[in-house]
Structures are given as C-alpha cells and as structure tokens.
There are 2 protein chains.
Amino acid sequence: MTTQEAGSKSERAYAAIKEKILGGEYTPGYRLVLAKLAEDLGFSVVPVREAIRRLEAESFVTFERNVGATVAGIDPTEYLYTMQTLSIVEGAATALSAPLITPEDIARARAVNAAMRECLEHFDPVRFTALNLDFHSVLFENCPNPHILDLVHRGWNRLQALRSSTFSYVPGRARESVAEHEALLNLLEAGADAETVERAARAHRAATLHAYLARSTPDQRAHTPLTPTY
Amino acid sequence: MTTQEAGSKSERAYAAIKEKILGGEYTPGYRLVLAKLAEDLGFSVVPVREAIRRLEAESFVTFERNVGATVAGIDPTEYLYTMQTLSIVEGAATALSAPLITPEDIARARAVNAAMRECLEHFDPVRFTALNLDFHSVLFENCPNPHILDLVHRGWNRLQALRSSTFSYVPGRARESVAEHEALLNLLEAGADAETVERAARAHRAATLHAYLARSTPDQRAHTPLTPTY
DNA sequence: AAGTACGAAATCGTATACGATTACCTTAGC
DNA sequence: GCTAAGGTAATCGTATACGATTTCGTACTT
C-alpha cells in the first residue's frame, strides 16, 4: 500500500472544506468551484463533488444545478432558524441526559463555567465561546438517543459557521449566560425532573437569541419570523 | 436538447431507490450494489453512488467503505429513536404552526379525522396510516422555521420505511389516536398557548410509541433505552 | 476434521474525458 | 447611451476505465 492516511479522499475533502468554512477562510457567498477545489486539495473532482453534496445536506453550502456551490448565507433569518432549532433539540438532549449525569460531570461543568467567568474579566471572547461548547457538551453528551445528539452537533457546527462571519459575543449577555449555567447545574444536581431541565435549557438558548435580536436593526427584526420564547 | 424529463439523473436515481425502499421492495438488509442498481435504472454508477450517499445521510441505508450499501436496520431501538426524535421536532413544529392556523385548516383536519374514524369501522389500516400523515401535515406545515419542518419530514419518511417492514397498526391505539386528534383540534381552535399545544402534540406521539413498547417482548424492552414520556 | 493461507471474483474508489448547460462578455441595433 | 442578441468561456453532469480493497471459495496443512 502507499499512503492512505485516514479515510477516503471524499472524507478528507469534506473535512478540509468544512474546516475552511468554519475557520472563516471561505466566507458566505464564496464560490466553490469543483475544479479549483480539486486542484487545491490535490484530489480529483469526484471526491470533491461528493464532499460538496454532503456539506449541502448539512446546509453549509447551497448548491444550484449546473451553476455550482456557494458558502451558505449569513442572513439573520438563517441565524434565527438555527438557534430556534437548536433550542429545541438541545433542550431535549439535555433533558434526556439529565438522569444519567454524574457528580463528576457536574464538577467538570462547574470548572468550565468558572473558566468562562475568568474570560469575562480578561475579555477573551474566543476562549469563552470555545468553553461554552465544552460546558454544554457535558450536559447533553449523555443523551441516549443518537439521532437527537446528531442534530445537536449539526446545530452547533452550523452556528460556528454563521458566527465566524456575523458576530459572536455580547458582553452583557455573556455575563447572564454564566449565571444561567450555574442555575442549570443546580437544577441537575437537585435531580430536577426532565420537563424543568428542558425548559431551562431551552430558555437559556432562547435568551441568547433574543439578545441578538435586541441588537439587530429594526429592519432586520421586521424580516424575522415569530420569536420562539415559550 | 434531448429528453431531460425532470431533475438530474442523481435525483431520479435517489427518488427511484427511495421509492423502492419505502414501498417495501428493498427490505432491510438488502444489499444495494452500485453496478446492479445502475444497470437496472439505466444510469451510470456515478449518479447512483450520489443517490446512495444521500440516502445514507437520511439514514435510509447504511454504507460501509469498500463494502457497499445495505438497506438500513429495523431493530426496535431504531424505531424508538425515530419516534422520540419525531415527538420532539413535530411537537415544536405543531406549536410554532399553531398561531398561524386558520379555521379552514381546522375544518380540513376535522374532515380528515372523520375519514380516519371511518377507517376504524371498515378496518382499513393502509388508508388510516395515509390519512394520519394528512392530518398532521395540516397541523405542522405552517411552521415558519424550514429547518424544523425539514426534520419533521425526514422523521415521517424514516418512519414509513421502518413501518413497512415492522408493524404499523394497533387497533386499540388507532381509536385512541383519533380521539387525541379531536382534542388537539379543540386546543388549537381555542387558541391554546404554544406550550400547551407542544405538550399535547408530543404526548400524542409518545403514546403511540408506548403502545408499541407495550406490545413488544420483554427482551426487546430490556434493550430499549429510557422512555421519553414527559 | 478443523483451521489457515492463498487466490480469484466481486465491489467500491477515483481519475480522466467529453457532452450539456449556464453565465458572461462582446457587439450590433435602436 | 442603452438594450438586446449572439457567441465564447466557464462550469457542472455523466460515462467509461482502471486501480484498490474486501470477500469468499478452495486447497493445503496440522
């Protein structure tokens, strides 16, 4: 055998392109030309094409027949859709995880949240955002339903792609967020029932969304469909 | 131009294969060989391959590298995962649709439900199942969030594939189901708040799942992760 | 008789080539 | 100066071909 580092070329192409989208190298609207990508990555067009279609299925890119692929949009509506969907599936995942959470998990989450509080003081939004995923991962990764877990992962990925091009960090909201994390942990520690946990987890994300909407322009709000507060 | 009936060959291959899976022609475990499918459908392997990968993404088939694709499994756990996920996303979609529902929608749903009641009398499970989708479609199709709506559609599709090979119709449960539909309509008509609607829609599906679990063998239940009643 | 190693067949993975479709630019007409 | 039509270039869609990997059957060894 020759090289065969890891996975097929399709998979490596998928990972490479996704990486560049998430990293902000390919910003929304960027035209993804199959032949060009193939040359850059050193692959042929077929694996690249497959990677693109997969990214399309996860709505990282839009694809038009006989035209090509472009990195998916950034409009506020798309952000709202993603956040709303995530509030629902993540809320459910957290609730389903709750009965299986261990004291060690909670301790770990507390440590992460403490680190997030530090980020507030030293103003480190990048690290704050990374830690935020760590925190929530502890809370939902025990979810016994792999379908739901997959939807949560997709939501976070999508969010990362959207954020790198729009905004990410609202200081006032970040402070609230840390406090809500603490409240969530207290609920879990007390063995709260699934419905309470779900409501809290969902509200936590909805609050972030609302902070964003409050910052957006009136024109943006006018084009934004109903807000999902309940 | 020559023919170009509708859509690309990839899309037609996708539709054709999916049709055969949903229709029960390709039962779970069936080995999908690219070359054979290509010959049967009259296409080349590349479009077929793309179709397979797309079906894989929607978990209609499983795909193993250098081995091939097989129609996805039927185990009770998979059914539970799908139903649980659907209870969550469909519950949310129904709740988000509720404020936008019109009296005409409700009348239409009532008519469908009446037809379902007829199916109970004449024992027509096939039509009952088809009408059931019609009924719920009226309730969730107004959902303004296309992401959530897409998840609902995927869930129903997946369910159809699972059902055609496992079971579908539990007479006692069907009767309950019709009654719950009526209750749901009354809630919507009264302008119930989103949380109430969501709770009812979710419970409606969870009840079907529980009816299935009650029928399953103790051994199956033992391998089934926690039930999502809340 | 059972297990293992070898080899052939089957199947997938990718590259290359060419046809079909679309987009863009240039040019002619008003 | 602007609009419309034509043609060319760019890009996608698919077919075919060949190499890589796996699987399965067979023969040989213990």
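Each chain gets a letter, A, B and so on, in the order its sequence line appears, and its residues count up from 1.
The phosphate of D:dG13 has neither OP1 nor OP2 within less than 4.0 Å of any side-chain N or O from B:Ser10. Distances shown here put a side-chain N or O of A:Arg49 below 4.0 Å from the OP1 or OP2 atom of D:dG13.
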(message) The test is side chain to side chain donor-acceptor pair (under 3.5 Å); show your working for A:His147 and B:Gln84 and say whether it passes.
(response) CA-CA 9 Å; A:His147 293 190; B:Gln84 189 176 35; over 6 Å; no
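Counting any heavy atom pair closer than 4.0 Å across all strands shown, B:Leu32 reaches sugar-phosphate atoms only and no base atom. A:Leu37 comes within contact range of no nucleotide atom at all, as no heavy-atom separation falls under 4.0 Å.
Between the CG atom of A:Asn66 and the C1' atom of D:dA9 there is a distance of 15 Å, given to the nearest Å. A straight line from CZ of A:Arg12 to P of C:dG13 spans 13 Å, rounded to a whole angstrom. Going from atom CZ of B:Arg65 over to atom C1' of D:dT21 covers 8 Å, rounded to whole Å. With rounding to whole Å, B:Glu64 atom CD is found 15 Å from C:dG13 atom C1'. Atom pair A:Leu34:CG and D:dT14:P shows a separation of 12 Å (rounding to whole Å applied). Distance, A:Tyr14 OH to C:dT14 P: 16 Å, rounded to whole Å. Rounded to whole Å, atom C1' of D:dC12 lies 16 Å from atom CD of A:Glu50.
Using a 4.5 Å heavy-atom cutoff, the side chains of A:Ile17 and A:Ile21 are in contact.
Ring geometry for B:Trp156 versus B:His136: interplanar angle of 30 to 60°, hence tilted. Between A:His181 and A:His204, the ring-plane angle classifies as perpendicular under the 30° and 60° cut-offs.
Among the nucleotides D:dT22, D:dT11, D:dT14, the one closest to any side-chain atom of B:Val67 is D:dT22. Distance from the side chain of B:Ser8 is smallest for D:dT14 among the nucleotides D:dT14, D:dC12, C:dC12.
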Between the protein and nucleotides 15-17 of chain C, list the N/O to N/O atom pairs that are separated by less than 3.5 angstrom.
residue : atom : partner : partner atom : Å
C:dA15  : OP1  : A:Lys9  : NZ           : 3.3
C:dA15  : OP1  : A:Ser44 : N            : 3.4
C:dA15  : OP2  : A:Ser44 : N            : 2.8

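At least one test fails for A:Arg12 against the ring of A:Phe43: distance under 6.0 Å to the centre or angle within 45° of the axis.
No salt bridge links A:Glu90 with A:Arg202; every basic N to acidic carboxylate O contact stays at or beyond 4.0 Å.
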Using distance only, find each side-chain donor-acceptor pair of residues 30-41 of chain A under 3.5 Å and give its atom names and separation, not counting sequence neighbours.
residue : atom : partner : partner atom : Å
A:Arg31 : NH2  : A:Val67 : O            : 2.8
A:Lys36 : NZ   : A:Asp40 : OD2          : 3.3

